[in-house]
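I have placed the structure first, in the form of structure tokens, so that the comments after it can refer back to it.
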Amino acid sequence: GQYSGAQNTSISIPVTVTNFTGVAGFQFSMAWNTNEVTFNGVSGFALPGLQNSNFNQQANWFTVAWLDATLAGQSLPDGTALFYLNFTLTGTPGSTTALSFTTTPTVKEAVNTLCQPFGIGTTDGSITILDCQVTISGSPMVCPGTGTALTATPGFSSYVWSPVGSGASINTPNLTQATTFTVTATDASGCQAVASFTVGVYPQPLLFTVSGSTAICPGSQATIYLSGSEPGVTYEVYKGTTLITVQTGNGGQLSFTYPYTNGSYTITAVSADGCRRKMTGSVLINYLVFPKLVTLTGPGFYCQGSPGVFLTLSNSQTTVQYVLYKNGSPSGFSATGTGGTLLFGLLTAGNYHIVATHLQTGCITTSAIKTVSVLPLPIVFNVTGGGTLCTGGPGVPIGLDNSETGVYYQLKRNGNNVGTAVAGTGGPLSFGIFTAAGVYTVMASGAGNCMTTMNGSATVTVVPLPTSFIMTGG
């Protein structure tokens, strides 16, 4: 008959009989091409006394000789398999080998119950290696407790996987040990191809224990410990799902020192293969009682010649000591909180901040820097003008012999403002022509509204006209 199968699969081919009646013995030979198949021996014997010892089995042929021990002869129904030939199909897909009855090294003949020989009619067969092959692709290694996707060659009509699954692709179960997956793929012509794929499991990181500090001041550092480690394994500290810090194992205990915030911390080990394992235990870090955050308030500047400014701190705590620092060093001002507002001053120019220390826990809170600057007074220039005029006269000019840009100059008469302030130009200023009698002065206002009186004054004197008389006489 004509037989076929996929490359690298096994096949059992029956040698069947017709008109097998009263046969007391027989012998014959068969041969095939070892380029296409590998012979795996014979099996499934249908006659008494027929067994492997009756065969001379070689790589590309065999002979068989059988004799009925009773000489009574044996009969078999048509189509009965006398025995089976077992092969592995190793040839190139599409190739065929003949399965032929030969006359060498043994001639074909049989004997009846009278030991009379008679001829044997035979029909040759063939074996074809079908052109269907299947392969499996996927990850050959996974981390413990995870699976992977496996995909077989597309184009087949059906796929059956072992130990589980169907379809061209499967997702394996989560694995804890190496497992072999086999797919049997069948195409539209019935050709079956088989492939296997082993998925290994990476070693899991060893388990160690987490411990460490539990109570700290905000901003200070705490240490979390891991009881052991493995070289080449990375250890990640997490607060919830947020990664905080990382170290690589050294084969011993690890210390993770960091300014942790309050909360629960765990450690996860990550192997060089990317496999993750959460270590045993966790550390709960709590903040000790600490001072409330404070702010220095008050003026940020004062004018040159002034003694300075006062700065205040609101909502002080009775369990907290407050120390005022100037330019990074204690200023000499300190106070214990009263529950209300603290006053510091007078303070001269510098950078100030408060260091608040809790009297019970020692925890410290530092305020933001408050800068106090001293602003210069406007430069003193000379008032010009003034003079004497007659009542109803044209008036006299009043001015300033110089000025600064960014400074405003207010003219005053007898201490009262006259008009609006005039902006400095960097040169002399004119306030105008004036006829009103009085003493005129100038007040300059600069940055931060720092004021100074200009030098001198201008006096305007109004002289009344003589009294008019009527002249009479002749």
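Atom set for the values below is all heavy atoms of this structure, side chains included, hydrogens, waters and symmetry mates excluded. Count residues from 1 along the sequence.
- Although no hydrogens or angles enter the test, the distance criterion places no donor-acceptor pair under 3.5 Å between the side chain of Q192 and the main chain of G5.
- The closest side-chain donor-acceptor pair between Y238 and E236 falls under 3.5 angstrom.
- In this structure, a donor-acceptor pair under 3.5 Å is absent between the side chains of T312 and T341.
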CA sep, side-chain torsions, deciding dist, call: N86, S12, side chain to side chain donor-acceptor pair (under 3.5 Å): CA-CA 4 Å; N86 301 307; S12 293; 2.6 Å; yes

Audit row: F83, S43, side-chain contact (heavy atoms from CB on, under 4.5 Å) steps and yes/no: CA-CA 6 Å; F83 54 86; S43 61; over 6 Å; no

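- Using modelled atom types and a 3.5 Å distance limit, the side chains of N351 and T371 yield a donor-acceptor pair.
- For the pair T361 (side chain) and C363 (backbone), a donor-acceptor distance under 3.5 Å is present.
- Taking the six-membered ring where the residue is Trp, the centroids of F39 and F87 are separated by under 6.0 Å.
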S316 and K292: CA distance, side-chain angles, deciding distance, side chain to side chain donor-acceptor pair (under 3.5 Å) verdict: CA-CA 8 Å; S316 65; K292 296 177 183 177; over 6 Å; no

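- Under the 3.5 Å distance criterion, with hydrogens and angles disregarded, no donor-acceptor pair is assigned to the side chains of T34 and N60.
- Side-chain contact check for E230 and N250: no donor-acceptor pair (N or O, by modelled atom type) lies under 3.5 Å.
- The closest side-chain donor-acceptor pair between D78 and T18, if any, does not fall under 3.5 angstrom.
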Working for side-chain contact (heavy atoms from CB on, under 4.5 Å), residues Y235 and T248: CA-CA 6 Å; Y235 296 88; T248 300; over 6 Å; no

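- G252 and S229 get closest at one heavy-atom pair: O-OG, 2.6 Å.
- Counting only N and O atoms by type, the side chains of T280 and T209 include no donor and acceptor under 3.5 Å apart.
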Steps toward side-chain contact (heavy atoms from CB on, under 4.5 Å) verdict (I11, Y3): CA-CA 9 Å; I11 190 171; Y3 296 92; 3.9 Å; yes

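- Of all heavy-atom pairs spanning P105 and W61, the tightest one is CG-CZ3, 3.7 Å.
- No side-chain donor-acceptor contact under 3.5 Å links T80 to the backbone of L82.
- With hydrogens and angles left out, the side-chain atoms of T88 and N40 include a donor and acceptor closer than 3.5 Å.
- Between L359 and T318, the shortest heavy-atom contact is CD1-O, 4.4 Å.
- Between the side chains of K108 and T103, no donor-acceptor pair of N or O atoms lies under 3.5 Å.
- For the residue pair A222 and I216, the shortest heavy atom distance occurs at CB-CG2, 3.6 Å.
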Worked verdict on F197 versus F181 for ring-ring contact (aromatic ring centres under 6.0 Å, His included): CA-CA 5 Å; F197 190 92; F181 295 85; 8.4 Å; no

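- Looking at S126, its side chain never comes within 3.5 Å of a backbone N or O of T97 through a donor-acceptor pair.
- Using modelled atom types, one side-chain atom of K370 and one backbone atom of G298 make a donor-acceptor pair closer than 3.5 Å.
- Counting only N and O atoms by type, the side chains of T198 and T180 include a donor and acceptor under 3.5 Å apart.
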List the atom pairs, with distances to 0.1 Å, where a side-chain N or O of residues 164-172 and a protein N or O form a donor-acceptor pair under 3.5 Å, not counting sequence neighbours.
unit_1 : atom_1 : unit_2 : atom_2 : d
S169   : OG     : T151   : OG1    : 3.1
T172   : OG1    : T148   : N      : 3.0
T172   : OG1    : T148   : O      : 3.4

From CA spacing to verdict: side-chain contact (heavy atoms from CB on, under 4.5 Å), Y258, Q221: CA-CA 5 Å; Y258 190 83; Q221 293 190 330; 5.9 Å; no

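- For F290 and H358, the ring centers are positioned 6.0 Å apart or more.
- At most 12 non-hydrogen atoms from other residues, nucleotides or ligands lie less than 6.0 angstrom from CG of N315.
- Proximity of a side-chain donor or acceptor of S331 to a complementary backbone N or O of L324 within less than 3.5 Å is detected.
- When all heavy atoms of S100 and A98 are compared, the closest pair comes out as OG-CB, 3.6 Å.
- If you check the side chains of Q317 and T319, you find no donor sitting under 3.5 Å from an acceptor.
- The backbone N or O of I354 lies less than 3.5 Å from a partner atom in the side chain of S367, making a donor-acceptor pair.
- At a cut-off of 3.5 Å, with distance as the only test, a side-chain donor of T128 or T96 sits close to an acceptor on the other residue.
- No donor-acceptor pair under 3.5 Å is formed between the side chain of S271 and the backbone N or O of V233.
- Between W32 and F62 the shortest side-chain heavy-atom distance falls below 4.5 Å.
- Residues K239 and T261 bring a donor and an acceptor atom of their side chains to less than 3.5 Å of each other.
- Screening T63, V107, V111 against Q27 for a side chain to side chain contact (heavy atoms under 4.5 Å, CB included) leaves a single residue, V107.
- For E36 (side chain) and S95 (main-chain N/O), no donor-acceptor pair under 3.5 Å exists by modelled atom type.
- Looking only at distances, no side-chain donor or acceptor of Q2 sits under 3.5 Å from a matching main-chain atom of I127.
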Stepwise ring-ring contact (aromatic ring centres under 6.0 Å, His included) check, Y265 with Y260: CA-CA 9 Å; Y265 293 82; Y260 300 102; 4.9 Å; yes

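- No close placement of the Y322 and F333 rings is indicated, their centers lying 6.0 Å or farther apart.
- Minimum interatomic distance between L207 and K278 (heavy atoms only, all atoms of both residues): CD1-O, 3.4 Å.
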